[in-house]
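Scroll down for the structure; my scribbles are underneath it.
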Amino acid sequence: MNKPIRIYLASSWRNNYQPIALRSLREWGHEVYDFRNPSPGNHGFSWREIDPNWQDWTPDEYRAALQHEIAIKGYTSDIEALRACDACVLLLPSGRSASWEFGYAMGQGKAGYVLSLSPCEPELMYREAQIL
C-alpha cells in the first residue's frame, strides 16, 4: 500500500457515490475530509441554514449571505481542509463548488484526481489531472 495521504474529496451533495468513495478511501488508510460531516456534530454547510428561501435571493441578498456567520464557518472549514490536503479527488458528477475546489487545489500544486463511478460528460480540462 502507498503511504496514506490527506485527501479533500470534492463532489456534490446530490452525488450518491460520495459516501462510497469516502468509505473506500478511508479503508485504504487515507485521511479524507468529508464536507457532509466535517467534524463531530457538524453536518456540513447548507444555504437553508441562513434562509429557507435561498434560491430566490437577489444578487445583493446573495452577497450579504456570503458574510453571514454560518457561511463564514462553512467556508472556513472547507478551505482549511483544502489547504491542508495533499491531494484533491473530484468525484463526478460534481457541482460548481467542487469544480472550484478542485481547480484551487491543482493551482496550489496539489495532486488532482478525477473519479467517475457512472457515465459522465467529458471535460477537456480534466486532462491536467489523473483520471481514475
| remark: Residues pairing under ring-ring contact (aromatic ring centres under 6.0 Å, His included) where one sits in residues 76-132, two or more places apart or in two chains, turn out to be none
Residues 71-80, side-chain donor-acceptor partners within the protein, below 3.5 Å, at least two apart:
unit_1, atom_1, unit_2, atom_2, d
Thr76, OG1, Ile72, O, 2.7
Ser77, OG, Tyr33, OH, 2.8
Asp78, OD1, Tyr33, OH, 2.5

| request: Could you tell me which non-hydrogen atom of Ala129 sits nearest to which non-hydrogen atom of Val114, and how far apart they are? | output: CB-CG2, 4.0 Å
| said: Any heavy-atom pair between the side chains of Leu22 and Leu91 that's under 4.5 Å? | reply: no
| said: When you compare the side chain of Asn42 with that of Asn37, does any pair of heavy atoms fall below 4.5 Å? | reply: no
Hydrophobic clusters here meaning ILVMFWY residues chained together by side-chain heavy-atom distances under 4.5 Å, can you tell me if [X] and [Y] are in one?
X      : Y     : result
Leu25  : Ile20 : yes
Leu115 : Leu9  : yes
Ile7   : Leu82 : no

| remark: Sorted by chain and residue number, the salt bridge (charged side-chain N to carboxylate O under 4.0 Å, His left out) partners of Asp60 (sequence neighbours excluded) come out as Arg63
| Stepwise side chain to side chain contact (heavy atoms under 4.5 Å, CB included) check, Cys88 with Met106 | CA-CA 8 Å; Cys88 185; Met106 298 270 316; over 6 Å; no
| Partners meeting side-chain hydrogen bond (donor to acceptor under 3.5 Å, both in side chains) with Ser118 (sequence neighbours left out) | none
| field | side-chain hydrogen bond (donor to acceptor under 3.5 Å, both in side chains) involving Gln130 - partner list, sequence neighbours excluded | value | none
| Counting heavy atoms not belonging to Glu128, are there more than 12 under 6.0 Å from its CD? | no
Tell me, please, which residues at least two apart from [X] pass side chain to side chain contact (heavy atoms under 4.5 Å, CB included).
X     : answer
Ser46 : Arg48, Glu49
Asn53 : Asp51, Asp56
Glu31 : Arg6

Kindly list each side-chain donor-acceptor pair under 3.5 angstrom involving residues 12-19, sequence neighbours excluded, with atom names and distances?
unit_1, atom_1, unit_2, atom_2, d
Ser12, OG, Arg14, N, 3.0
Asn15, OD1, Tyr17, N, 2.8
Asn15, ND2, Ser11, OG, 3.2
Asn15, ND2, Leu92, O, 3.1
Asn15, ND2, Pro93, O, 3.0
Gln18, OE1, Arg36, NE, 3.4
Gln18, OE1, Arg36, NH1, 3.4
Gln18, NE2, Asp34, OD1, 3.0

| Check: Lys110 side chain, Arg83 main-chain N or O, donor-acceptor pair, under 3.5 Å | yes
| task | For the pair Ser94 (side chain) and Leu90 (backbone), establish whether a donor and an acceptor sit closer than 3.5 Å, ignoring hydrogens and angles. | result | no
| note | Apart from Trp54 itself, members of its ILVMFWY cluster (side-chain separation under 4.5 Å) are Phe45, Trp47, Ile50, Trp57, Tyr62, Leu66, Ile70
| Qualifying salt bridge (Lys or Arg N to Asp or Glu O under 4.0 Å) pairs with a residue from residues 97-107, counting only residues at least two apart or across chains | none
